[in-house]
Structure formats: structure tokens, C-alpha cells
Amino acid sequence: MIEFKQVCIRAGDFHLDKISFDVGSGQYAVLMGRTGRGKTTILESLCGLRRVQSGKIMVRGMDVTHWPPADREIGYVPQDLALFPTFTVAEHLQFALKLRRFHKTQIKHRVEELAEMLGITHLLQRHIDGLSGGESQRVALGRALSFRPTVLLLDEPLSALDAETREEIQALLRTLTDTTGVTTLHITHNAAEAAALADRCFHIRDGQVIEEPKPAADERSSA
Amino acid sequence: MTEHALNRTSEVKAHRTRRRSDVPFFLVMSGISSCFILLIVLLLAADLMFTSLEDFRAAVMKPEIQAAFKLTIISCTVAALLSIWVATPLGYLLARYRFPGRLLIDTIVDIPIVLPPLVLGLSLLILFHLPIGGWELEAWLRDDVGFPVTYRWPAVILAQFSVSCAFAVRTMRVTFDQINPRAEDVARTLGCSRGQAFLKIALPQSWRGMIAATTIAWARALGEFGPILVFAGATRMRTEVLSTTVFLELSIGQLNAAVAVSLLMVVMAVIVLVLLRVLGTGLTS
């Protein structure tokens with residue numbers, strides 16, 4: 001489903017050279033690595049927000065290397081969530097569907113379905129001001145999944161949450177990805193998180209993406 | 001007094017000293033700040049004391065001052081609207097993109113801010129009257145388009161716009177700098193083009209900045225004098241705005257009328273600033 005072929009990415013002094021890896025359809029892959037090693041850069045290049053110098057990025061078997069983000073049909077949840085300050089929760093869930101000119105009743109039905117799945121039905125008319133970390137995370141997830149993307153990218157989605165909320169969102173992520181069958185690439189520092197969620201686990205070491213066995217369930221140290 | 005009691009006393013003294021330590025800070029800061037506030041208040045008070053209500057009424061009843069008032073309101077509003085129209089895309093481009101020549105454009109935008117006003121007016125005059133291979137912009141506008149500019153009301157607006165737009169661009173750039181670009185990135189992954197991300201995500205977040213930029217542009221246009229005098233002239237009932245009225249009244253020895261018009265400009269500026277801030281920018285606190 002996702003395939004990086006000899007991809008080179010440069011951003012100022014920082015660069016990733018000839019990285020190659022692939023994630024199969026419906027798999028939940030976790031990408032680990034120390035801060036500043038290029039995890040977010042890989043996600044950004046996958047969803048089209050960062051240009052690559054060379055190599056190919058394949059999604060659903062198509063070469064999307066030079067496609068604009070809008071055409072890639074990839075759901076993206078950045079680390080800071082980047083919710084839209086002028087929108088209500090419902091407007092977040094409607095946004096991608098309105099852009100695709102879905103019919104009003106289809107939008108309404110999809111928003112209700114997503115809100116129920118994410119447990120945010122009671123928040124639909126709220127603005128994002130005052131939402132808790134967990135609620136904001138659910139809204140960002142709903143926004144990314146609203147248009148039924150085949151690929152979901154999560155940049156440290158649990159890092160800013162308290163332990164209890166983290167457990168909740170972690171369980172929600174597993175349920176959502178199992179239910180929707182979306183192929184997921186999830187960045188984290190947390191080995192326990194990777195152990196709980198990952199089907200496959202990748203590490204960035206020396207500018208390369210290397211697949212390694214997923215951490216043991218009781219492992220707590222960061223990668 | 002026991003040793004224990006002495007220790008307690010010294011602790012209490014030390015504690016009081018610590019609590020009092022903020023007072024000099026606020027005294028110094030507010031003392032320095034109040035110098036400027038006092039200067040402005042004294043300037044206005046002096047103007048108020050110099051003129052009387054009768055002088056003020058007589059001045060504002062003059063037909064030429066009424067015409068200047070009308071042209072000022074119209075020209076400042078048009079200049080401010082044109083400024084925000086230009087400043088919004090330019091501010092966005094400067095805030096969001098790194099492109100060749102960006103530093104140069106950034107510097108060019110600041111030129112009207114640092115340029116002496118008379119020089120700006122002179123430059124406008126030269127631009128419109130410079131013969132280029134027998135062709136002249138002003139002559140073309142006058143003869144072919146039927147829209148003469150120099151020494152007419154459009155020159156007033158153009159002179160005001162040239163300066164006020166620079167201030168509006170600065171404000172809009174800061175506004176977009178403060179808006180998280182990540183939200184626009186996410187919007188693009190959701191299906192937006194860059195243009196849609198700007199219109200649907202960035203622009204709605206920038207409305208307070210737009211109001212602030214429009215206000216600053218309007219206020220800046222109100223105070224503009226040098227470029228108007230050189231490029232539009234100060235012809236009574238035609239290109240006279242309130243800033244040139246002050247100059248004209250002074251030049252014919254009508255000090256009372258000049259002060260009255262000055263106070264009128266102060267009132268206009270205060271009304272616009274307060275009104276727009278209360279309505280839109282939330283800067284009243």
C-alpha cells in the first residue's frame with residue numbers, strides 16, 4: 001500500500017538518503033527513531049507536504065511522488081493536531097466531504113457515524129476552544145478519517161496525553177484501524193505504544209529506515 | 001529577645017523586603033511610560049486650551065473645510081481598502097514562502113516607511129511625468145484613458161495609499177506569521193488546493209489582523225501630508241484634505257482654524273481607532 005523506493009529528502013543541513021521500506025494494505029506500522037532523525041519529514045513527504053529530491057513514493061500501487069497533497073487521499077494527523085480555530089467540531093468532520101461535493105444527507109450521515117465511532121457526538125456543535133487533549137485528538141482523527149482515506153498518518157498522536165487518555169486513544173486507534181482497514185503509519189518514541197499497536201515496526205538509524213522486531217509488550221524505554 | 005525571636009524578626013524583615021521588591025520595578029516602568037502618555041495628553045490639552053468652541057464651530061462651518069473633510073473621509077477609506085486588498089496577499093506570501101527575491105521584496109515594501117514623505121511625493125510626480133521614448137504616463141491617462149491623476153483627487157488617494165499600504169503589509173505579515181501554517185497543510189491533505197487552504201483556513205483566522213491593518217492604513221492615510229502636497233497639490237475645494245487644510249490655514253495666518261482642524265483630525269482618528277478596536281480586534285483590554 002505504501003512504498004518508499006530509494007527516496008532522498010533534504011531539508012537544509014538535514015537529509016535522508018535513499019530510504020526504502022513498504023507497508024502492506026491494512027497493516028499498522030510504527031516508525032520509531034530519536035528526535036531530529038526525520039520521522040516527521042518522512043510523513044510529510046508521504047502526504048505531499050515536502051518535496052523529495054529523488055526516488056519514488058508509491059501509494060495504492062501508483063507513483064504519487066509528484067502529486068499534490070489533495071490528490072493523494074491520505075489522512076494526516078500532525079503532532080500539534082492543527083485543528084482549525086474558526087471551525088466547530090462538526091465542521092472539522094464535514095470539511096473534506098464538502099470539498100468533495102458530497103450530498104448534504106451523505107455528509108450528515110457520515111458525520112454522525114464518525115462522531116459515534118469517536119465518542120464525540122455531544123461535542124459536535126462546540127468550537128475547538130476548551131476541548132481537552134483527548135477530545136481534540138478524537139476530532140483530529142475524525143477529520144483525517146472523514147473522507148475514508150486508504151492511508152492514515154499519525155505523528156506522535158499520544159505524546160501529549162495523560163496516561164489514562166493515552167490508554168483510551170490507543171484502544172480507539174486499534175478499533176478504528178481494525179474497523180476501517182486503513183493502512184496506518186504511526187510515529188512514536190514510546191516502545192510500549194509500538195508494542196501495543198504495531199503489526200510492523202520500523203526504526204530510523206543512520207539515515208535509513210530499517211525494519212526491526214516490534215518491542216516486547218512490557219518494554220517501556222524509548223527507542 | 002531570644003535567639004529564636006531574633007531569627008523570626010529577621011525572616012519577617014527579609015520577607016517584607018522581598019514583597020516590596022516589585023514596587024521599584026513598576027515605578028520605573030510606569031514612570032518612563034507615563035512620560036510619553038503625558039506628552040501626548042499635554043499636546044492635546046494645549047490645543048484645546050488654545051481654541052474655543054466658537055473658533056471650532058466657525059472653522060468647521062467653512063465650505064472649504066467641509067469639502068476637505070468629505071474628501072479626507074473618502075480618500076482615507078479608499079486608500080485603506082486598497083491597502084488591505086494588496087496587503088493581504090503580499091503579507092501572506094512573505095509570511096509563508098521562501099522564494100528568490102523575497103528579501104528584496106521585503107525591503108521594497110519598507111521603502112515608503114523610511115522614505116521622507118516629500119521624496120515619496122516627488123517620486124510619484126516624476127513617475128507620472130517622466131517621458132519614456134515620447135510616452136508619458138500622465139499624458140496617456142489624461143488624453144487616452146480620460147482619467148487625469150496629478151493634482152487631482154486620484155493623486156490624493158495614490159499618495160495616501162503609497163504609504164499606508166506599507167504599514168498594512170507589515171501588519172498582515174505579522175498576522176500570518178502568528179497563524180499556524182500546519183492547519184493549511186492539513187487542509188491540503190484533506191483536499192484543498194493552496195488557494196482553498198488560504199481562503200478557507202488562513203483568511204478566516206486573519207480577520208482581526210485585517211481589521212488592525214485597515215485601521216492602521218486609514219489612520220496613516222489621515223496623517224499623510226508631504227506626498228499629497230507635492231503630488232496632488234493643495235487646491236482648495238479640489239485636492240484639499242484636512243492635513244493640507246492645517247498647512248493652508250497656517251500659511252494665511254489663521255492659527256485658530258488650523259488648531260480647530262487639527263482637533264477635528266484628532267477626534268476622527270480617536271473615533272475610528274476606538275470603534276474598530278471595539279468592533280473587531282478585541283484590543284480594548
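Chain identifiers are assigned alphabetically (A, B, ...) following the order of the sequence lines, protein sequences preceding nucleic acid strands; residue numbering begins at 1 within each chain.
- Minimum heavy-atom separation, B:Val186 to A:Ala82: CG2-CB, 4.0 Å.
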Would you mind checking chain A against chain B for donor-acceptor pairs under 3.5 Å and listing them?
from: A:Glu44; atom 1: OE2; to: B:Arg182; atom 2: NH1; distance (Å): 2.7
from: A:Glu44; atom 1: OE2; to: B:Arg182; atom 2: NH2; distance (Å): 3.0
from: A:Ala70; atom 1: N; to: B:Arg188; atom 2: O; distance (Å): 3.1
from: A:Tyr76; atom 1: OH; to: B:Arg182; atom 2: NH1; distance (Å): 3.3
from: A:Asp80; atom 1: OD2; to: B:Asn180; atom 2: ND2; distance (Å): 3.1
from: A:Arg100; atom 1: NH1; to: B:Leu190; atom 2: O; distance (Å): 2.5
from: A:Arg100; atom 1: NH2; to: B:Leu190; atom 2: O; distance (Å): 3.3

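- Listed by chain and residue number, A:Glu112 satisfy the side chain to side chain donor-acceptor pair (under 3.5 Å) test with A:Lys108 (two or more places apart in sequence, or in another chain).
- Residue B:Ala187 touches chain A through both its backbone and its side chain, counting heavy-atom pairs closer than 4.5 Å.
- When the shell of 6.0 Å around CG of B:Leu27 is examined, it contains more than 12 heavy atoms from other residues, nucleotides or ligands.
- Nearest approach of B:Cys192 to A:Phe95, heavy atoms of both residues: SG-CZ, 3.4 Å.
- Heavy-atom contacts from other residues, nucleotides or ligands closer than 6.0 Å to NE2 of A:His122 number more than 12.
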